[in-house]
> 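Could you have a look at this structure, given as structure tokens, before my questions?
As a basis for the values below, the full set of heavy atoms in this structure was taken, side chains included, without hydrogen atoms, waters or symmetry mates. In what follows, chains carry the letters A, B, and so on, assigned in the order in which the sequence lines appear, proteins first and then strands, with residues in each chain numbered from 1.
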Number of protein chains: 2
Amino acid sequence: MSKLKLFDAEYKLMDIIWEHEPINSTELTKICRQKLGWKKSTTYTMIRKLAERDILRNENATVTAMVKREDVQKYESEALLEDKFNGSLPAFLAAFLQDKKLSKKEAEEIQKMIEEATK
Amino acid sequence: MSKLKLFDAEYKLMDIIWEHEPINSTELTKICRQKLGWKKSTTYTMIRKLAERDILRNENATVTAMVKREDVQKYESEALLEDKFNGSLPAFLAAFLQDKKLSKKEAEEIQKMIEEATK
DNA sequence: AATATTGGTCTATTGTAATAGACTATATCT
DNA sequence: AGATATAGTCTATTACAATAGACCAATATT
């Protein structure tokens, strides 16, 4: 399995870590209890599993992410496109934009990115 | 749960149905056995569950989809954007296009769609 | 009439992600 | 010294999607 493939619960935890890192592990269990309703051991189990896969590190009670949020996002995006749209970005956009309006600002941002990726 | 939320195995079945519909149910079990390695009862169980949720119909041994592939694709795309990119299409594209090149043709197609969605 | 095929149902079983309880060791505070 | 908080492990348990076995009724076939 790819290092970047995260399960739902794993992603939720990483989300909190990305937002707060470096973060003390006890502090993290408290945030998880509050935001996700997780018990302490649930958080620690999760931490351990993710550490085994080198997705994060827990050293001296300090938790740090070893993968970037953008990289995971990129991986998930590609997986969706691959699975559901045969890898085609235009196909994805056709479905996504159906019955949708974009603001001028969004459109400009996007046009710029597309240009950049075509160079 | 949304009507359009399909689990992985469900999507695989629907994929086959969308390709072949309207399709005879016995025929469908055969395709599923061949393409997915499913036993007959697995396919029928799946059919029943999906029929209960009005995602397909099985009448006189003929299976037909009640939801369009594009609608499910749209739902899944929106869910990913919502969950992982805070609903922002630019954010999604930024991640997706990272280290990626687009062909001129793709770029043009996309530009056209963006324009269309801005009108 | 016997038998094979079709078209299913209903109730398990399996696999595995998600969750947590019980327990431990160490440091800190009173 | 005893109590409390910190930092964690290890082994279940739970939840639920995925899968299938056993069984049945109605046709179609020999």
> Inspect the surroundings of NZ in Lys105(B) and state if more than 12 heavy atoms from other residues, nucleotides or ligands are less than 6.0 Å away.
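No, the 6.0 Å shell around NZ holds no more than 12 heavy atoms from other groups.
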> Nearest to the side chain of Ala61(B), heavy atoms from C-beta on, is which of dA18(C), dG8(C), dA7(D)?
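Among the listed nucleotides, the one closest to the side chain of Ala61(B) is dG8(C).
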> Ignoring backbone atoms, establish whether Asn24(A) has a side-chain N or O less than 4.0 Å from OP1 or OP2 of dA7(D).
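So the side-chain polar atoms of Asn24(A) do come within 4.0 Å of the phosphate oxygens OP1 or OP2 of dA7(D), strictly under.
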> Verify the contact: side-chain N or O of Arg48(A) to OP1 or OP2 of dG8(D), cut-off strictly under 4.0 Å; return yes or no.
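False: Arg48(A) side-chain N/O out of range (4.0 Å or more) of dG8(D) OP1/OP2.
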> Return the value, rounded to whole Å, for the distance between atom NZ of Lys39(B) and atom C1' of dT13(C).
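From Lys39(B) NZ to dT13(C) C1': 14 Å.
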> Is Thr42(A) close enough to dA18(C) that one of its side-chain N or O atoms is under 4.0 Å from OP1 or OP2 there?
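Answer no for this pair, as no side-chain N or O of Thr42(A) is under 4.0 Å from OP1 or OP2.
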> Starting at atom CH2 of Trp38(A), determine the distance to atom P of dA17(C), rounded to an integer number of angstrom.
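Interatomic distance, CH2 of Trp38(A) to P of dA17(C): 14 Å.
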> Please give, in whole Å, the distance from dG21(C) P to Lys40(A) NZ?
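These atoms are roughly 11 Å apart.
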> When you check the phosphate oxygens OP1 and OP2 of dG21(D), does a side-chain N or O of Ser41(B) lie under 4.0 Å from one of them?
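So the side chain of Ser41(B) is outside the cut-off, no N or O lying under 4.0 Å from OP1 or OP2 of dG21(D).
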> Would you mind reporting whether Tyr75(A) and Leu6(A) have side-chain heavy atoms less than 4.5 Å apart?
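A side-chain contact under 4.5 Å is absent here.
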> Just wondering, do Leu93(A) and Leu89(B) contact through their side chains at under 4.5 Å, heavy atoms?
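Counting from C-beta outward, Leu89(B) and Leu93(A) do come under 4.5 Å.
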> OP1 or OP2 of dG8(D) versus the side-chain N and O atoms of Asn58(A): is any pair under 4.0 Å?
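Yes, because at least one side-chain N or O of Asn58(A) sits under 4.0 Å from OP1 or OP2 of dG8(D).
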> Figure out the NZ/C1' separation between Lys49(B) and dA18(D), and round it to whole Å.
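Distance, rounded to whole Å: 9 Å.
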> Starting from C1' on dA17(C), measure out to CG on Leu6(A) and report it in whole angstrom.
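Rounding to the nearest Å, CG of Leu6(A) and C1' of dA17(C) are 13 Å apart.
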> Is a side-chain N or O of Gln73(B) found less than 3.5 angstrom from the main chain of Lys84(A), in a donor-acceptor match?
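A pair under 3.5 Å: yes.
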> For dA20(D), does either OP1 or OP2 sit under 4.0 Å from a side-chain N or O belonging to Thr45(B)?
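No, because none of the side-chain N or O atoms of Thr45(B) sits under 4.0 Å from OP1 or OP2 of dA20(D).
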> Starting at OH of Tyr44(A) and ending at P of dA20(C), how long is that distance when rounded to a whole Å?
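Distance, rounded to whole Å: 16 Å.
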> Please report, rounded to the nearest Å, how far the P atom of dA26(D) is from the CG atom of Asn60(B).
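Answer to the nearest Å: 16 Å.
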> Given atom CG of Asp8(A) and atom C1' of dA17(D), what is their separation to the nearest angstrom?
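Taking atom C1' of dA17(D) as the reference, CG of Asp8(A) is at 13 Å.
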> Could you check whether atom NZ of Lys100(A) has more than 12 heavy atoms from other residues, nucleotides or ligands sitting under 6.0 Å from it?
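Yes, because the 6.0 Å sphere around NZ of Lys100(A) holds more than 12 heavy atoms from other groups.
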